[in-house]
Amino acid sequence: MATEIEVTLADGRTCGVPEGATLAEVLHLVKPPKYRQVVAAKQNGKVVDLSAPAQPGDHVAFLSFDDEEGREVFRHSSTHIMAHAVQDLFAGAKITIGPPLAEGYYYDFDYKRPFTEADLEAIEQRMQEIIAADHPFVRQEVPRQEAIALFQARGETYKVEMLEQLAEDTVSLYREGDFVDLCRGPHVRSTGQIPAVKLLSVAGAYWRGDERNPMLQRIYGTSYPSAKQVREHLQRLEEAKKRDHRLLGRQLGLFLTDERAGAGLIYWLPKGATLRKVIERFWEDEHVRRGYQLVIIPHIARDVLFRTSGHYDYYRDNMYVLEIDSDEYVLKPMNCPGHILIYQSRRHSYRELPIKFAELGTVYRYERSGALHGMLRVRGFTQDDAHIFCTPEQVHEEIDKVLQFALEMLRTFGYENFQIELSVRDPEHPEKYAGSDAEWLMAERALGAGLDKLGIPAKRQEGEAVFYGPKIDIKMLDALGRGWQGPTIQFDFNLPKRFNITYVGSDSQEHHVVMIHRTTLGSMERFIGGLTEHYAGAFPTWLAPVQAKVLTITDRHIPAAQRVLDALLAAGVRAEGDFRNEKVSLKVREAQIEQVPYMFVLGDQEMAAGSVALRHRRAGHLGVFAVDAAIARLRQVIDCRTNSEEVTANQSDRT
RNA sequence: GCCGGCGUAGCUCAGGGGUAGAGCAACUGAUUCGUAAUCAGUAGGUCGGGGGUUCAAUUCCCUUCGCCGGCUCCA
């Protein structure tokens with residue numbers, strides 16, 4: 001009998017196993033629930049193969065698809081199976097890299113021709129065969145030189161390139177069947193552990209993401225422990241497609257683009273413009289309330305302005321340059337230089353600071369044609385921009401206010417979950433940055449302290465700051481859990497010096513201001529595009545382009561319905577009448593499809609009683625109300641800017 | 001910009017070397033109806049633009065514009 005060693009399991013139990021036993025053997029000894037689905041293990045905090053040997057005193061946790069780390073292993077193994085299938089079917093296809101993603105995986109191949117949809121089906125078929133063969137994944141550690149020789153012999157030039165750049169002397173290979181890949185691992189036990197795979201799309205991708213490198217073929221796929229979960233995944237994709245703002249934008253009449261106008265330029269249709277105006281008015285009111293001053297600047301400026309700012313040198317490729325009277329002008333790609341001119345229209349005392357200029361400022365930036373995407377990535381867009389000019393002493397308070405303001409704005413629009421990133425400078429290379437050590441220290445501290453007060457965890461990203469100052473980016477997570485770039489708060493140590501933006505301090509001396517750029521929504525285009533998807537087109541009542549529709553049962557109800565419509569309009573409700581000679585069911589259906597929150601239905605009974613039958617797009621029939629009561633109820637729902645679909649009349653104002 | 005796909009009626013889509021079809025929408029008429037589609041009829045397209053091959057191009061080729069999926073980048 002071999003000596004026993006003891007390992008501790010995730011639930012705190014200890015377990016004696018024979019010396020030299022693998023974690024797979026430990027697993028079989030312990031047989032936790034669903035042990036067949038265990039794909040890997042966490043050994044003293046490190047994710048490893050189940051074939052790894054147990055060591056005395058180990059802390060062992062078993063991982064399955066339900067654990068994030070287990071899922072990564074699962075998807076990573078899936079990508080090997082895909083690469084295996086591709087090489088079986090397409091001789092000469094070279095393997096490169098194939099990582100797991102949040103919802104699936106991809107693998108990049110170099111092949112003489114692009115893969116087609118039909119190829120994907122064949123590859124998927126072949127994957128099923130590899131899965132059915134249930135090849136074990138075998139880890140092998142070899143000297144780097146030996147691995148180079150192996151991949152050279154197989155013609156895998158990308159793998160050789162990767163190996164030549166690795167520092168390690170020993171590297172790990174994973175084999176399953178006759179497929180071998182350079183890989184850190186770990187992997188599932190055998191190909192049979194991945195029962196359900198689905199390939200989704202092919203796309204070009206540069207080797208190492210660099211456009212000077214060869215274009216590879218990237219195949220995207222996903223995989224799950226069951227076919228049912230794959231089906232659900234595909235259903236989620238369908239669901240997301242229905243929410244696509246480009247689709248909803250057309251269906252709901254929000255915006256259009258037209259090739260006669262040019263790519264990436266948004267035309268706001270009446271309904272979209274209404275939605276945008278409601279948001280803009282709210283935005284302006286909230287800014288004025290908080291001491292911002294609204295300003296307006298022209299859309300073009302002489303090149304000098306953008307040469308002074310430095311944009312002309314650093315940002316030239318993204319700027320539209322015009323010639324007017326043999327002078328060069330640029331279409332503004334940023335609002336800041338304009339706001340600086342306004343600040344500099346007179347001298348400012350420290351007593352006046354902070355000065356905060358806000359503007360829904362439209363900017364134009366050249367974006368490569370392939371980057372354009374609906375309203376989310378365009379060439380002309382309106383930033384909800386503001387610039388804060390303040391003293392170093394005021395920085396903390398201003399940052400706190402801005403952060404709080406930004407989150408209040410987002411919560412108003414129904415975003416409750418955020419990812420916050422704090423980008424600070426790379427401490428190794430202080431020379432890359434504008435601004436002094438003291439300035440950076442002050443700014444990074446203010447941003448960090450502001451975040452701490454909010455109690456929302458932020459991801460600190462060393463070296464991710466732009467050269468002119470540290471910043472906070474807030475990503476909001478929508479109803480489907482997708483992230484949208486929202487507010488950004490950026491310090492700028494560059495422009496105050498370039499423009500010599502100063503204030504007169506209590507010492508009568510001129511000092512450079514501290515300048516903070518910030519947006520709360522990002523841009524109107526991107527924000528409303530994202531918002532459309534977030535609400536799936538069913539905007540809350542305060543935002544809905546049409547808040548109520550008055551529906552008649554027959555023509556004889558038109559005069560009464562017209563009076564109700566007039567009353568709604570007089571109460572400031574965005575209402576429309578549908579007095580056509582059609583069945584109510586048709587009118588209801590169309591109003592539902594248009595996502596109109598409230599329907600006021602009038603028939604004989606209502607006409608006689610001076611009432612309306614109230615219907616809500618989700619809650620359905622709400623009952624019969626006196627006209628005034630129904631309007632008052634609607635008014636209250638609008639005024640409280642609620643995100644919930646139907647509220648009781650006494651719900652209090654949340655803002 | 002690059003790789004791949006796509007562009008046919010307002011929308012969704014079918015078709016295909018011999019100059020085009022469906023559903024919905026629109027329009028006209030009938031119907032006057034109680035909460036997600038009443039019935040019938042009519043009209044609608046230089047098949048994204050330009051060039052080429054061909055007796056003949058919407059179909060094949062080239063080019064250009066736009067859109068989609070990615071790479072890259074960002075509000």
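Lettering of chains follows the sequences in order, A, B, ..., and the numbering in each one begins at 1. The figures that follow rest on heavy atoms only: side chains count, while hydrogens, waters and symmetry mates do not.
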Would you say the ring centroid of Phe413(A) lies under 6.0 angstrom from that of Tyr535(A)?
no
Can you check whether Arg556(A) has a side-chain N or O nearer than 4.0 Å to OP1 or OP2 of C33(B)?
yes
Is there a side-chain contact between Arg246(A) and the phosphate of G69(B), meaning an N or O under 4.0 Å from OP1 or OP2?
yes
Pair Lys356(A) + Glu398(A), salt bridge at N-O below 4.0 Å:
yes
Quick one: look up who U38(B) pairs with, Watson-Crick or G-U, both distances under 3.5 Å, and put none if it's unpaired.
A30(B)
Below 3.5 Å, does any donor atom in the side chain of Arg526(A) face an acceptor in the base of C74(B), or the other way round?
yes
Main chain of Glu286(A), side chain of Arg290(A): is a donor-acceptor contact present, judged purely on distance under 3.5 Å?
yes
Write down the distance between CG (Asp578(A)) and P (A36(B)), rounded to a whole number of angstrom.
14 Å
Interatomic distance at P, C11(B) relative to G5(B), whole Å
24 Å
Given the C1' atoms of A75(B) and G23(B), what is the spacing between them in whole Å?
40 Å
Is there a Watson-Crick or G-U wobble partner for U46(B) with both distances under 3.5 Å, and if so, which one is it?
none
Whole-Å distance separating the CG atom of Asn581(A) from the C1' atom of A30(B)
10 Å
Residues Asp210(A), Arg208(A): salt bridge by 4.0 Å N-O rule:
no
Identify the nucleotide, in any strand shown, that forms a Watson-Crick or G-U wobble pair with A25(B), with both distances under 3.5 Å; if there is none, say none.
none
Tell me if the side-chain of Asp210(A) makes a donor-acceptor pair with the base of C71(B), cut-off 3.5 Å, by modelled atom types.
no
If you measure from the C1' atom in U72(B) to the same atom in A9(B), how many Å do you get, rounded?
38 Å
Please give the distance between the C1' atoms of C60(B) and G66(B) as a whole number of Å.
22 Å
Salt bridge Asp604(A)-Arg556(A), side-chain N to carboxylate O under 4.0 Å
yes
So, does the side chain of Glu606(A) form a donor-acceptor pair with the base of G34(B) at under 3.5 Å?
yes
Nearest-nucleotide check on RNA chain B, Leu216(A) vs Met375(A); residue mapping nearer the 5' end is Leu216(A)
Arg460(A) and Glu462(A) ion-paired at < 4.0 Å
yes
Would you please confirm or rule out a distance under 4.0 Å between OP1 or OP2 of G1(B) and any side-chain N or O of Ser369(A)?
yes
In whole Å, what is the span from the CZ atom of Phe381(A) to the C1' atom of C73(B)?
12 Å
Measure from CG on Asp108(A) to P on G4(B) and round the result to the nearest Å.
15 Å
With the side chain of Glu259(A) defined as its heavy atoms from C-beta on, choose the nearest nucleotide among A75(B), U72(B), C65(B).
C65(B)
C2(B) P sits how many Å from Gln217(A) CD, rounded?
16 Å
Against the side chain of Val584(A), the closest entry in G66(B), G1(B), U35(B) is U35(B)
Ile553(A) side chain, from C-beta outward: closest of U32(B), G34(B), A37(B):
G34(B)
Under a 3.5 Å limit on both distances, the Watson-Crick or wobble mate of A9(B) is none
Give me the distance, rounded to whole Å, that separates C24(B) from U42(B) when you measure between the P atoms they each carry.
15 Å
Ring centers of Tyr598(A), His616(A) separated by less than 6.0 Å
yes
Give the nucleotide from the list U35(B), G1(B), A75(B) with an atom nearest to the side chain of Thr488(A).
A75(B)
Of the candidate nucleotides G69(B), A36(B), C2(B), which contains the atom at the shortest distance from the side chain of Ser201(A)?
G69(B)
Of the nucleotides G34(B), G70(B), G4(B), which has the atom closest to the Pro114(A) side chain?
G4(B)
Which whole number of Å gives the distance between the C1' atom of U58(B) and that of G52(B)?
16 Å
Asp604(A), nearest nucleotide to its side chain (from G34(B), C73(B), A37(B))
G34(B)
One thing to verify: whether Glu238(A) and Lys242(A) come together as a salt bridge, which I'm taking to mean a side-chain N less than 4.0 angstrom from a carboxylate O.
no
Taking atom P in both A43(B) and A22(B), what distance in whole Å separates the two?
12 Å
Please determine, for G1(B), whether a Watson-Crick or G-U wobble partner exists with both distances under 3.5 Å, and give it or none.
C71(B)
To the nearest Å, give me how far apart CZ (Arg365(A)) and P (C74(B)) are.
10 Å
Watson-Crick or G-U wobble partner of C60(B), both distances under 3.5 Å:
G52(B)
Less than 6.0 angstrom separating the ring centers of Tyr364(A) and Phe381(A), yes or no?
no
Check the phosphate of U32(B) against Arg580(A), side-chain N and O only, distance under 4.0 Å to OP1 or OP2. Yes or no?
no
Using the P atom on both, measure U8(B) against C68(B) and round to a whole Å.
14 Å
Regarding the side chain of Arg368(A), the nearest nucleotide among U72(B), A36(B), C3(B) is U72(B)
With a 4.0 Å cutoff (strictly under), does any side-chain N or O of His373(A) reach OP1 or OP2 of G69(B)?
yes
Nearest-neighbour nucleotide for the Arg589(A) side chain, U35(B), A36(B), C73(B) considered:
A36(B)
The Watson-Crick or G-U wobble partner of G16(B), with both key distances under 3.5 Å, is none
Testing A75(B), G66(B), U38(B) for proximity to the side chain of Ser585(A), the answer is U38(B)
Write down the distance between CG (Leu360(A)) and C1' (A75(B)), rounded to a whole number of angstrom.
13 Å
Rounded to whole Å, CD1 of Ile472(A) lies from C1' of A75(B) at a distance of 17 Å
Could you check whether the side chain of Tyr206(A) and the base of C2(B) have a donor-acceptor pair of N or O atoms closer than 3.5 Å, going by distance alone?
yes
